[in-house]
A.B. asks: 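Pasting in a structure now, in structure tokens, and then I'll have a few things to ask.
Proteins get letters first, then strands, A, B, ... in listed order; numbering begins at 1 in each. Note that this is a predicted model, so its numbers are computed, not measured.
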Protein chains: 2
Amino acid sequence: MNNTNLTDRQLSILKFICEVIDDASRPPTIREIGYEFSISSTKGVADHLDALERKGWIEREPGQARGIKPVREKTEKLFGASTGLPVVGSVVAGGPTLARENLEGLLNLDDLFPNNDDLFALRVRGDSMTGAGIYRGDIVVVRQQWQADVGDVVVAIVDDEKGTVKKLSKVGEEIHLKPANPNYDTIVKEPSRVEIRGKVVGVIRKM
Amino acid sequence: MNNTNLTDRQLSILKFICEVIDDASRPPTIREIGYEFSISSTKGVADHLDALERKGWIEREPGQARGIKPVREKTEKLFGASTGLPVVGSVVAGGPTLARENLEGLLNLDDLFPNNDDLFALRVRGDSMTGAGIYRGDIVVVRQQWQADVGDVVVAIVDDEKGTVKKLSKVGEEIHLKPANPNYDTIVKEPSRVEIRGKVVGVIRKM
DNA sequence: TTGACTACTAAACATATGTTTAGTAAAATA
DNA sequence: TATTTTACTAAACATATGTTTAGTAGTCAA
């Protein structure tokens, strides 16, 4: 079966609706659904929509053209989000492959790094932070801020040069920007010559 | 000014259309736009849509209800994608903050890890791979596969236990699953007792 | 076996929505 | 200065689209 409280026909129609939205950025009309499934009467389709609504899979705007809105939290678990990776709790033996049903959720950047317009991403150029798990070519996710605490990994500009990613530390009045790689030296500057631009809150690496 | 070839009024309307789509998963009608901007005649709105279409910011389905489709590649650069982080080329001195205009692009998982239904994500439990930049709590992005090459970081199941993330290597007939942390021992097994489940193709860390 | 649910047809209806025609006025452009 | 573009009003029109009414037939649980 299909593991939901929907009939196979209802499930197909729900899937079609979601696909059209992904594809055309707008829901299909009742007649478009009818054409797709060879249902000649609009009432036939409307009955399915009534069922989908009653069972909580879609919402509708009465009287509005294309007034069908799938309930995303539910449909994304079923068909996969247009964006996002399925997160599995653990990989266990025996089971064949990924079953969409027993997932922990869907991974997408919005959930992981909620963007209040103060986040940006930056590709790391050097390898001065390998000891902290940040490698050349990694993308760091940075929250824009102009102060940071000792111990934070920050994006800072030293002497009006390009930005660099280092660990922040202070000794007396001096700012120390510490690499996490013994082959690099700590940058020691007066506060006036260091401009903090943000704090690293995440790392993304493609291998 | 607004840096595009659009008038301020046209830009406002385009933005409204994009917001409605993000919000309601369907575009507004001409009259809904008119109501929002206090334009009493549908022709007034239609003129704006004509301009937006002529200038390449939207596409339309003639005669179709809510037949407005913004050209995503362009509008996302202007307003930001509903999902995605702005990627800056480099952080330079002087410039105040993030300017949406001079961005390298928008980061989202779909672009970074194109999902052909064979990817999944898994949270790393131990710290046996810290030497390879994979820490406890990191999320690894895994491509589902049942073979892997020597040197790949793989997700494997040993003796029907839970999955583990290790580096694959072979010595004669034996499979070696190597940690990247000197405190852990290499797992040595016959091929029949090791089940490879996927190859790690990415790492995501939230700090 | 009765009633509820599924899954439709056919036809008429109501209205939501795009289109067209006929203008006006100001601003931008050639 | 003439012409185009922007930015609308007002009204009529055409049709795309949701809704309702009246039925049919099969399946499934009480």
A.B. asks: Starting at CG of B:D50 and ending at C1' of D:dC8, how long is that distance when rounded to a whole Å?
C.D. replies: 13 Å

A.B. asks: May I ask you to verify if any side-chain N or O of A:K43 is less than 4.0 angstrom from the OP1 or OP2 atom of C:dT6?
C.D. replies: no

A.B. asks: For B:Q10 and D:dT5, is the shortest distance between a side-chain N/O and OP1 or OP2 below 4.0 Å?
C.D. replies: no

A.B. asks: Is any side-chain N or O of A:S40 closer than 4.0 Å to OP1 or OP2 of C:dA10?
C.D. replies: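 Indeed, a polar side-chain atom of A:S40 lies that close.
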
A.B. asks: Counting the atoms with a prime plus P, OP1 and OP2 as sugar-phosphate, which does A:T29 contact under 4.0 Å by heavy atoms, base, sugar-phosphate, or nothing?
C.D. replies: sugar-phosphate

A.B. asks: Quick one: A:R31 CZ to C:dA10 P, roughly how many Å, whole number?
C.D. replies: 14 Å

A.B. asks: Between B:D47 and A:A65, which has a closest nucleotide on DNA chain D that is more 5'?
C.D. replies: B:D47

A.B. asks: Would you say a side-chain N or O of B:R9 is under 4.0 Å from OP1 or OP2 of D:dC8?
C.D. replies: yes

A.B. asks: Given D:dT17, is OP1 or OP2 found less than 4.0 Å from the side-chain N or O atoms of A:R26?
C.D. replies: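 So the side chain of A:R26 is outside the cut-off, no N or O lying under 4.0 Å from OP1 or OP2 of D:dT17.
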
A.B. asks: Grab the CD1-P distance between A:I39 and C:dA10 for me, whole Å please.
C.D. replies: 13 Å

A.B. asks: Between B:R123 (side chain) and B:G137 (backbone), is there a donor-acceptor pair under 3.5 Å?
C.D. replies: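 It does hold such a pair.
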
A.B. asks: Between the base of C:dT17 and the side chain of B:T42, is one N or O donor paired with an acceptor at under 3.5 angstrom?
C.D. replies: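 Counting by modelled atom types and ignoring angles, no donor-acceptor contact under 3.5 Å is found here.
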
A.B. asks: Determine yes or no for a side-chain-to-main-chain donor-acceptor pair under 3.5 angstrom, with A:Q10 supplying the side chain and A:T7 the backbone.
C.D. replies: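 Flag set: sc A:Q10 to bb A:T7 pair under 3.5 Å.
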
A.B. asks: Report the distance from atom CD1 of B:I30 to atom P of C:dT17, rounded to the nearest whole Å.
C.D. replies: 11 Å

A.B. asks: What heavy-atom pair brings A:S169 and A:K178 nearest, and what distance separates the two atoms?
C.D. replies: OG-CE, 3.9 Å

A.B. asks: Test B:Q144 against B:K199 for side-chain hydrogen bond (donor to acceptor under 3.5 Å, both in side chains), laying out the working first.
C.D. replies: CA-CA 7 Å; B:Q144 211 174 178; B:K199 173 184 173 180; over 6 Å; no

A.B. asks: Starting at the 5' end of DNA chain D and moving along, which residue's nearest nucleotide shows up first, B:S38 or A:A46?
C.D. replies: B:S38

A.B. asks: Report the distance from atom CG of A:L49 to atom P of D:dT20, rounded to the nearest whole Å.
C.D. replies: 13 Å

A.B. asks: Does B:H48 have a side-chain nitrogen or oxygen under 4.0 Å from the phosphate oxygens OP1 or OP2 of D:dT6?
C.D. replies: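 No, because none of the side-chain N or O atoms of B:H48 sits under 4.0 Å from OP1 or OP2 of D:dT6.
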
A.B. asks: Could you check how far CG of B:L14 sits from C1' of D:dT6, rounded to whole Å?
C.D. replies: 17 Å

A.B. asks: Please state whether the phosphate of D:dT6, meaning OP1 or OP2, lies under 4.0 angstrom from any side-chain nitrogen or oxygen of B:R54.
C.D. replies: yes

A.B. asks: Of A:V158, A:L177, A:V200, which is the lone residue that meets side chain to side chain contact (heavy atoms under 4.5 Å, CB included) with A:K166?
C.D. replies: A:L177

A.B. asks: To the nearest Å, give me how far apart CZ (B:R66) and C1' (D:dA16) are.
C.D. replies: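 The answer, rounded to whole Å, is 12 Å.
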
A.B. asks: Indicate whether OP1 or OP2 belonging to D:dA7 is found under 4.0 Å from a side-chain N or O atom of B:T7.
C.D. replies: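 Affirmative; the distance criterion is met.
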
A.B. asks: At 4.0 Å (heavy atoms only), tell me whether A:S41 reaches a base, stays on the sugar-phosphate, or touches nothing.
C.D. replies: base

A.B. asks: Please identify which of these residues, B:R205, B:K206, B:R125, meets the salt bridge (charged side-chain N to carboxylate O under 4.0 Å, His left out) condition with B:D138.
C.D. replies: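 Testing each of B:R205, B:K206, B:R125 against B:D138, the sole residue satisfying salt bridge (charged side-chain N to carboxylate O under 4.0 Å, His left out) is B:R205.
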
A.B. asks: Kindly say if A:K55 contacts the phosphate of C:dC5, meaning a side-chain N or O under 4.0 Å from OP1 or OP2.
C.D. replies: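 The answer is no; no side-chain N or O of A:K55 sits under 4.0 Å from OP1 or OP2.
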
A.B. asks: In whole angstroms, how far is the P atom of D:dT5 from the CG atom of B:L52?
C.D. replies: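 Roughly 16 Å, once rounded to whole Å.
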
